[in-house]
Amino acid sequence: MGFNPAVERFLIEWALDEFVVGHLLGVQTFHYGPDLEENIAVGSISQDELGHARMMLRLLAEDEKELDRVVYTKPPEEMKVATLAQAWKETDWSYLVVKSMLYDVADQVRFDFFVRLPDEKLRTIEGMMGREENVHREHWQEWVDILSSDAEGRRRLQEALDELYPYLADFFATDVYEEVAKAYGMAATDKSSLLGRCLQQVKERFRPYQYTMPLADEQMVRLLEEPKGRAGRHLEVFKEIYADIHSVYDQHPEMVWG
Amino acid sequence: MSAVGVRQVTGADVLQVLKGVEDPEMPISIVDLGIVEGVAVGEEGAVKVTLMPTFTGCPALEVIEKKVKDALKERLNVADVEVKWTFGGEWSTEKITAEGRVALKSFGIAVSPEPGKVECPYCRSHNVVRESAFGCSLCREIYYCNDCKNPFESMRRLVRVEA
Ligand SMILES: [Zn+2]
């Protein structure tokens, strides 16, 4: 509804990230958590993320079927979903904790960029989302703290960090920030400074437990030039995710809720 | 439309009908839950209802929208209804009416008057602990009462944290 194409692209990329993150948290809610309360928490966070995706897409189109088309009619290579958003192992709690922690920190850096955009229409979606994301980050931090309390937990978190940390570069490997800033006549926002801010916050969250980040900041900045998910080059597991996400829509493309 | 006794529907009429529309997850009307942000009646009798979800991921938006439209059609014979969801405002437990608090309490859900003052809906004790920030719907969280040993839910209150 009257957004600059760059802003539209920004909202769609963001919505698809949230959609995939929310979907994956919801797929096997009951398998993840060590206890019932945690299963409920994971289910709630999943709903929040799907809600954020819906809210962003509703800025672009009110009609339900039009929203569906944004999500369900793109071939995989046109879904510029961050690799970090799609990273998934079926039953690995520490992997999910690290993925969620990293994603939510990166998402906060994106959110901070977003709240500075001078556009009244965008203001309508930030209040609730900001509060909900605060709760998510604190939730995952609690789990980082709990799992870090013994050697086995630390070993598992380090293993997950080794695999997932480099994906933070891909998260910011898009020129959409620069284009959006240009569209609003703002000072250029380069992706390496966003990435830098994100890495600093991640390190602070893991610092108390002496984890080793697998790559130095300069190596991470270099990775910005090799986008994966952000360029539509997905992880192997994305095939499965894509098929899963489309299964209902493909059977009943005209179905509506309510 | 010129029949004697047929008067223009007013905002008060609409609100009265909405008082009878129940939230799909709890026995409380959407008015008492505090999610009705505004009601407007246009010159031609078209009704516009603005609603605010308790949480962004509320799965019941479409269901509530349909209930509102059906109720207005059935009770006031208004067919031209637009329901708009707004996400910008900040729903919080303060928006729940006194009547709504009573309804929730008798359903076993606490509504705390202020943060940290949760009262057990069964025995009114304040000797309670929060077990989880997440409950069986997005707007609730789980507590445990150390006195009567009952688990219960409380309406969830999110505090805005400045970055
Ligand atoms: Zn009690």
Side-chain angles (χ1 to χ4, degrees), chain A residues 18-19 22 25-26 29 33 35-59 62 64 67 105 108-109 111-113 115-116 120-139 142 197 201 255-258, chain B residues 21 24-25 35 37 48 50-71 81-93 95 115 129-144 151-153 156-163:
Chain A
E18 301 274 282
F19 187 82
L25 285 171
T29 306
D35 55 29
L36 174 66
E37 283 76 9
E38 190 50 37
N39 292 341
I40 293 171
V42 168
S44 297
I45 295 173
S46 156
Q47 279 186 46
D48 285 346
E49 301 294 7
L50 292 171
H52 299 166
R54 174 176 61 186
M55 207 164 57
M56 292 164 197
L57 295 175
R58 272 189 174 224
L59 281 179
E62 288 266 334
E64 193 183 327
L67 297 187
V105 171
Q108 183 188 14
V109 172
F111 184 80
D112 291 343
F113 167 81
V115 295
R116 288 200 312 273
E120 277 308 307
K121 294 194 290 291
L122 299 179
R123 292 295 73 79
T124 60
I125 69 167
E126 74 190 33
M128 285 195 198
M129 190 160 59
R131 288 187 303 167
E132 290 171 357
E133 290 297 354
N134 286 335
V135 175
H136 300 176
R137 280 193 307 280
E138 290 329 301
H139 184 77
E142 271 174 40
R197 214 169 302 154
Q201 289 179 25
M255 194 183 78
V256 289
W257 286 101
Chain B
V21 175
E25 290 179 332
I35 66 169
E37 273 285 280
K48 183 173 171 183
T50 307
L51 303 173
M52 173 174 19
T54 52
F55 286 85
T56 57
C58 170
L61 302 193
E62 287 82 4
V63 176
I64 295 173
E65 192 169 324
K66 186 171 186 304
K67 284 177 105 174
V68 166
K69 286 180 175 168
D70 289 351
V81 180
E82 185 195 346
V83 175
K84 183 150 179 65
W85 286 97
T86 168
F87 296 91
E90 308 224 343
W91 180 88
S92 78
T93 48
K95 290 191 184 267
V129 284
R130 191 174 78 168
E131 295 237 284
S132 174
F134 301 93
C136 74
S137 79
L138 289 183
C139 51
R140 297 183 246 168
E141 52 192 359
I142 304 173
Y143 274 79
Y144 180 73
F152 64 92
E153 288 189 303
R156 203 165 152 220
R157 178 190 269 282
L158 292 191
V159 185
R160 186 159 188 80
V161 185
E162 298 305 329

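Below, read A as the first sequence line, B as the second, and so on, with proteins coming before strands; counting in each chain starts at 1. In what follows, every heavy atom counts, from backbone to side chain, and hydrogens, waters and symmetry copies are set aside.
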> Do the non-hydrogen side-chain atoms of B:F55 and A:Q47 ever get within less than 4.5 Å of each other?
Replying inline: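 They are not in side-chain contact.
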Working to the nearest 0.5 angstrom, can you tell me the gap between [X] [atom1] and [Y] [atom2]?
| X | Y | atom1 | atom2 | answer |
| --- | --- | --- | --- | --- |
| A:R131 | B:R156 | CZ | CZ | 9.5 Å |
| B:T56 | A:M129 | OG1 | CE | 8.0 Å |
| A:L50 | B:C58 | CG | SG | 12.5 Å |

>> For chain B, which candidate among A:H52, A:E132, A:E37, A:H139 shows the most heavy-atom pairs at distances under 4.5 Å?
In response: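 Sorted descending by pairs with chain B, the first entry is A:E132.
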> Between A:H136 and B:F134, how do the two ring planes meet: parallel, tilted or perpendicular, split at 30° and 60°?
Replying inline: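 A:H136 vs B:F134 ring planes: tilted.
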> By a 4.5 Å heavy-atom criterion (distance strictly below it), what part of B:K67 contacts chain A: side chain, backbone, both, or neither?
Replying inline: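 When you check distances to chain A, no heavy atom of B:K67 falls under 4.5 Å.
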Closest non-hydrogen atom pair, [X] against [Y]:
| X | Y | answer |
| --- | --- | --- |
| A:S44 | B:G135 | OG-O, 3.8 Å |
| A:M128 | B:W91 | CE-N, 4.2 Å |
| B:G57 | A:R54 | C-NH2, 3.8 Å |

> Who passes side-chain hydrogen bond (donor to acceptor under 3.5 Å, both in side chains) against B:S92, sequence neighbours left out?
Replying inline: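 Counting only residues at least two positions away or on another chain, B:S92 forms a side-chain hydrogen bond (donor to acceptor under 3.5 Å, both in side chains) with B:E94.
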> With sequence neighbours excluded, what pairs up with B:E141 under the side-chain hydrogen bond (donor to acceptor under 3.5 Å, both in side chains) test?
Replying inline: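 Here the qualifying residues are B:R130.
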